[in-house]
Structures are given as C-alpha cells and as structure tokens.
Amino acid sequence: MAITKPKSPSARRGSRSSASRKRKSRWPWALLVLAAVLAALGWFYRAPILGYTGAGAGYSAHVVCSCRYIGGRSLEDCKKDRLAGMELVSLSEDEEARSITARYPLLPPVVATYRKGYGCVMERWED
C-alpha cells in the first residue's frame, strides 16, 4: 500500500477556484443565449404580437373615450372599466381634440376621437 501525501490547503483551493471560475464564466454565455432566443422568438412572432397589442390598445382607447366623452366621467374613473390584463396599456387624454391615446410600452399608439353625431371613432392606423 502506497501512502499518499495529503494535498496542501492552497492546492485544494486552487482546484476549487478554477472549477468555480468555469461555472461563473458560463453564466454570461447562458444569459446571452437566452436573450438571443427571446429576440428570435419576438422577431418570429412579431406580426401576432403587434396585432394583439394593437387590438388591445384600440379596445382600451375606444372604451375609455366613450366613457369619458359620452358618459361624462373622469379619465381616472374610466380607467376602472378596462378589462383585467390591460394594466400595461397607458392612457392619455387630449381635451382640446377630445381624444384618448392608448399605447403599450415600446409600441405605436392607438387614438380614439369623439366626433359629435358619430361617437368615438378610431383614428386610422399607420403601418
């Protein structure tokens, strides 16, 4: 039986730190790959995403415009009428034009304008 000399504490630390360095260096690459996959999926599904968000923003703008200018309620009170899941839609009001603008973050806005005799009408969508 051969007797082996135990490794010194510094030698043991060196082997652990190189292994932990390898694990630590994998995280940035894993995050980069994850970001690339999410970007690719976003690019691939961009048409449905823009369609659904445009319809959701349009619905919010129309409902809040009707509530505000036909119902005569305040904008803050009308925000309560939105459906669950529409919390990401931000709403703003132009009192002079009598319009409501709805938008999702980083996406184009949708505008509903009150016109006497017609009610709230959606402005034309620009592509």
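Only heavy atoms go into these numbers, but all of them, side chains included; no hydrogens, no water, no symmetry mates. Given the structure is predicted, the values throughout are model-derived calculations rather than measurements.
Grouping the Ile, Leu, Val, Met, Phe, Trp and Tyr side chains by contacts below 4.5 angstrom, directly or via other members, places Leu75 with Ile70. Leu88 and Leu91 fall within the same hydrophobic cluster, defined by Ile, Leu, Val, Met, Phe, Trp and Tyr side-chain heavy atoms under 4.5 Å apart, directly or through other members. The hydrophobic cluster containing Ile100 does not contain Tyr118, counting ILVMFWY residues as joined when their side-chain heavy atoms lie under 4.5 angstrom apart, directly or transitively.
With respect to the salt-bridge test (charged N to carboxylate O, under 4.0 angstrom), the residues Glu123 and Arg115 qualify. Electrostatic pairing of Arg73 and Asp81 counts as a salt bridge here, judged by a charged N lying under 4.0 Å from a carboxylate O.
Side chain of Ser90 to backbone of Arg103: a donor-acceptor contact under 3.5 angstrom is found. Judged by distance alone, the side chain of His62 and the main-chain N or O of Cys120 form a donor-acceptor pair under 3.5 Å.
Here the closest non-hydrogen pair linking Met122 and Ala61 is CE-CB, 4.5 Å.
Leu83 CG to Ser60 OG: the interatomic distance, rounded to the nearest 0.5 Å, is 7.5 Å.
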- Are Arg68 and Tyr114 close enough, and set up right, to give a side-chain contact (heavy atoms from CB on, under 4.5 Å), and what steps lead you there? CA-CA 9 Å; Arg68 175 75 179 103; Tyr114 174 76; over 6 Å; no

- Message: Between Asp94 and Thr113, is the side-chain contact (heavy atoms from CB on, under 4.5 Å) condition met? List the steps.
- Response: CA-CA 9 Å; Asp94 183 358; Thr113 304; over 6 Å; no

- Query: What do the steps show when you test Glu95 against Tyr69 for side chain to side chain donor-acceptor pair (under 3.5 Å), and what is the final call?
  - Reply: CA-CA 10 Å; Glu95 289 187 31; Tyr69 297 112; over 6 Å; no

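Exactly one residue among Val110, Val89, Leu106, Leu107 makes a side chain to side chain contact (heavy atoms under 4.5 Å, CB included) with Thr53. That residue is Leu107.
Geometrically, Arg46 engages Trp43 in a cation-pi contact, judged by NZ or CZ lying under 6.0 Å from the ring centre and within 45° of the ring axis.
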